[in-house]
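This report concerns only the one structure given below.
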Amino acid sequence: MKRIDVNHHWQFRSIDGGSWQSVTLPHDAMIREARDPNTPNGYNTGYYLGGTYEYRTTLHVATPPTAALLEFEGVYPGATVLVNDEPAGELTYGYGDYYLDIAALLKPGANALTVLVDNSRCPNSRWYSGSGIYRPVWLWVADTGDTADSRDLSGLSGPSITRSPSADVTKPAPSDSPEPCDVIRPDAARISTVAIADDDSATIAIDLDQPIGPNQYLWTTVADASGATVARFRGTTGMIPHARLWSPASPALYTARIELCTEVGTVLDVHTERFGIRTLTCDAAHGLRLNGKRMLLNGGCVHHDNGILGAATLPQAEYRRARIMKEQGFNVVRSAHNPLSKAFLDACDEVGLMVMDEAFDMWWMHKTSYDYAGSFRDHYAADLAAMVRKDRNHPSVVLYSIGNEIADTKSPRAAEAARSMRSIIREIDPSRPVIDCVNPISLSLAAKTKAGMNEHDAKVEGEPGLNTTLEHASGPALLAAIDRLMPLALATGIMDRQTDAVFREVDVAGLNYCRQGPEWFHRRHPNRVFCASETYPQEIAYTWPEIRRLPYLIGDFVWTGWDYIGEASVSAWAYTKPEPDGWTAEYGNRAALRGHLTGPYRRYPGLLGGSGLIDITGEPTGQMLYRQVVTGVRRRPAITVRPMQLLYGGGAARPGRTSRFIERGHDGVASWSWDGYEGRDALVQVYSGGRCVRLLLNGRPVGGTGPVRRCMAEFRVPYEPGELTAVAYAADGRELGRDVLVSAGPEVVVSTRCERVPNPYPQDDPRWDDTELVFQSIALTDGHGVVHTTGDRRIMVSSEPARGDAPDAPSCAIRDAELLGVASGNPITTDELAGPTCTTYFGRAMAVWRVATGVPLHSHVTMES
């Protein structure tokens, strides 16, 4: 079927009294709400509000088609869709991909399309969710091979449909249905690698989740990335000679043009699908193998939000995020904890980033009061099937996850649910292993029920939620104590008893925060495959050597690869001697022991989780440097320094105590610019794979020789501006490498650097548009570009010169652009992400613009004195 763009010419309003405004989809309504310390969402969404919203547009139809599918890639938390005021369908999962059959509702001329979104029942998410139509919308009609650009059919108020294709349905017909379709549904085709011969020829199969009529056949043409035709075949199986295999090191992609034809050669419909050729196996003896080669999964968890952009799924931002994660050393991501967008999967295919795509964060038992648990019983099968149909042609996807830290796991019905979900996945795509990710410690604290899959246990299912209860009652100290007790908890055998029934139903047992678990479980289940599916950043020093050594342990997924909005300040460290009026004055390590209380380390103005190895602007943190050293991605040492303005806040002469949260392993900054703290001890941490490290300050040795323990050497060095050098040595005294940091000079200027990211799709693709996102990095630097880490300033970004600007005011090539937001990586700030101002964090911030492709533009950044 042909994809038609339905993302322009929309109007939007808040039903609670808002006026209509023009918007382009994808659109996140929540990011434009004011943050409120009293919102019921609280720290879950970074104190952003929910609300009720209405979207509307007009579809102009010359002749009503007999087949028209309206696709919503994501509307949070769901929606009611109306066509000409008639119900077209309900969207019940905020992360689901839905196709609504609207052919019978269309009429000649103008057709009103209305989408009603209610996100007022809060909290319904443990993290920032966004609100509204935050992913794209498309209209699908039959494609008989006409190459005309469907965008040319669009009027000012919406797309126009001029052809009358044959009928279609929104869901696959039952396998015993005799009724064929005259179109290929957008999610119906599965392209799989059947075999790869010694001469590198590959046999592929084309399967459709729909019947083909007795007088119909498929004709497939396969092209490589350059557009050259490499194969043509009739039927469902064909051979590609000299095939290039997809892998993270060489992400080769092909495109299949699949024609549904009659026996006399008439083309009824055309479907185009991009895919990769590769083999995938997974077992305890050999681990996870891609194209016969064992892959060590160096993974990071990612939420769906795009930081400054909120939840809006703009393809430029999705591509940039995937590219940066790959460049920083990750070779796989885990979606946390819901299906990834199509644009992010496309980006992962292209850059060579493998994916564990996850379906659900809860089953029957709630984690927040109004989350998906209320819909799980009735909708999990359809929503899981939709995810697999969406994912299955992406070569980057190597694992399907059916759940994250599911509290129901210890109840008997959980094994039946896991078996049901595995069966659904196998029927649609038998080629990938299935994983369930369990937190054995939190599971031990969960309630248990004897209710069946279709029975409701109000007492258990209606509780505030396992994760919410644990988070409210914990604080950093409790989780650290639980981690220390892990070996004892394993020895009791309770973890095995509570997880065994579910783990028997899946291919891979995912263990969250259970570092000692794989070897312990392996002695009891030698044929079981394990994955460290969620880990603390500092644990990589333990797990990576084990992953190299143990084939049944396939990888490590750190919490979290990229920082995110919500779960506000869950990982931010608290310093006991903060600056006067600093945000740390409101944070500490006191536990809140009643479920309705929020621990002080989550108070407003908490905004971000704070655990990211890459911050929301795309800047790698000290935690990222540590992981690079441990995994061998980085060969030379890396210097970081604990932030001195937090250690010595309030003018203290000595460092204060630090309340460290276990989900943030390191708090160092790669800087030797600590103006105002001369003579006070800097706590220097050097990450290295060597045996020992020496420091040189302005050419002279300082701090002695530091032994490397778990890839880190630590020093106390009185701060003195200049040049700090770390030299790493092997056991035999050989120098392995060095890292150098220099101090910023006295001058303070605003420096900017712009990264223009074009739409990643080709211009003949309906997903392409003529806009770019410009990621404008902003830093307070000296005249040589060295960043000032202290003395953060309030900045304002605009597309017009501010009054009083000097002629040489800091600028990028940006003018007449749409400013989407300005922010820093600070996890605790009163800033609004969608606004034009923010306060820098360790001297850095970022603005994001949407601009026309190739247009020379100008922006201006000013700072408060």
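Position 1 is the first residue of the sequence; numbering continues from there.
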Review point. Should the pair His303 and Trp127 be assigned to parallel (<30°), tilted (30 to 60°) or perpendicular (>60°) ring geometry?
Key: tilted

Point to revise | Arg185/Asp209 ion pair, N-O < 4.0 Å | key: no

Check your understanding: Do the side-chain N and O atoms of Glu73 and Ser341 include a donor-acceptor pair separated by under 3.5 angstrom?
Key -> no

Check your understanding: Are Thr262 and Tyr217 linked by a side-chain donor-acceptor pair shorter than 3.5 Å?
Key -> no

Check your understanding: Can you tell me how far CG of Asp357 sits from CG of Leu399, rounded to the nearest 0.5 angstrom?
Key -> 10.0 Å

Review point. In terms of side-chain geometry, is the basic nitrogen of Arg121 or Asp118 positioned less than 4.0 Å from the acidic oxygen of its partner?
Key: no

Check your understanding: Taking atom types as modelled and ignoring hydrogens, do the side chains of Glu71 and Tyr99 form a donor-acceptor contact shorter than 3.5 angstrom?
Key -> yes

Practice item. Check whether the side chains of Glu358 and Asn404 place a donor and an acceptor atom closer than 3.5 Å, and report yes or no. Key: no

Review point. How far does CD of Glu259 sit from SG of Cys261, to the nearest 0.5 angstrom?
Key: 5.0 Å

Review point. Does the side chain of Asn124 come under 3.5 Å of the side chain of Asn119 through a donor N or O and an acceptor N or O?
Key: yes

Review point. Of Tyr76, Tyr55, Trp10, Tyr134, which meets ring pair (Phe, Tyr, Trp, His ring centres under 6.0 Å) against His27?
Key: Tyr55

Review point. Testing Leu773, Val757, Asn759 for side-chain contact (heavy atoms from CB on, under 4.5 Å) with Pro315, which one passes?
Key: Asn759

Exercise for review: For the residue pair Thr80 and Glu90, confirm or rule out a side-chain donor-acceptor distance under 3.5 Å.
Suggested key: yes

Point to revise | Qualifying residue, where the test is salt bridge (Lys or Arg N to Asp or Glu O under 4.0 Å) with Asp187 and the options are Arg389, Arg392, Lys390 | key: Arg389

Review point. Would you call Glu818-Arg850 a salt bridge at under 4.0 Å N-O?
Key: yes

Point to revise | Test of ring centre spacing under 6.0 Å for Phe360 and Tyr372 | key: yes

Practice item. Mind checking the CG-CG spacing from Asp346 to Asp765? Nearest 0.5 Å is all I need. Key: 8.5 Å

Practice item. For Ser335 and His337, indicate whether the former's side chain and the latter's backbone hold a donor-acceptor pair under 3.5 Å. Key: no

Point to revise | Basic-acidic side-chain contact under 4.0 Å: Arg190, Asp207 | key: yes

Practice item. Using the ring of Trp219 (Phe, Tyr or Trp, six-membered ring only), decide whether Arg234 places NZ or CZ under 6.0 Å from its centre and within 45 degrees of its axis. Key: no

Study note, to complete from the structure: Closest non-hydrogen contact found for Ala256 with Thr220 is CB-CG2, 4.1 Å

Check your understanding: If you take all heavy atoms of Leu353 and Ser396, which pair is closest and at what distance?
Key -> O-CB, 3.3 Å

Check your understanding: Considering residues, nucleotides and ligands other than Asp16, do more than 12 of their heavy atoms fall under 6.0 Å from its CG?
Key -> yes

Review point. If you measure only the distance, is there a donor-acceptor pair under 3.5 Å linking the side chains of Asp770 and Gln763?
Key: no

Practice item. Verify, without hydrogens or angle tests, whether Tyr98 (side chain) and Ala386 (backbone) share a donor-acceptor contact under 3.5 angstrom. Key: no

Check your understanding: Within 45° of the axis and under 6.0 Å from the centre of the six-membered ring of Tyr254, does NZ or CZ of Arg274 qualify?
Key -> no

Review point. Considering residues, nucleotides and ligands other than Arg426, do more than 12 of their heavy atoms fall under 6.0 Å from its CZ?
Key: yes

Exercise for review: For residues His379 and Tyr93, establish whether the separation of their ring centroids is below 6.0 Å.
Suggested key: no

Review point. Between Arg3 and Asp143, is a salt bridge (charged side-chain N to carboxylate O under 4.0 Å, His left out) present by the stated rule, with each step listed?
Key: CA-CA 9 Å; Arg3 184 200 308 257; Asp143 183 359; over 6 Å; no

Check your understanding: Looking just at side-chain N and O atoms, do Asp28 and Tyr128 make a donor-acceptor pair shorter than 3.5 Å?
Key -> yes

Check your understanding: Would you call Glu54 and Arg56 a salt bridge, using N to O less than 4.0 angstrom?
Key -> no

Exercise for review: Kindly say whether Asn111 contributes a backbone atom to a donor-acceptor pair with the side chain of His60 at under 3.5 angstrom?
Suggested key: no

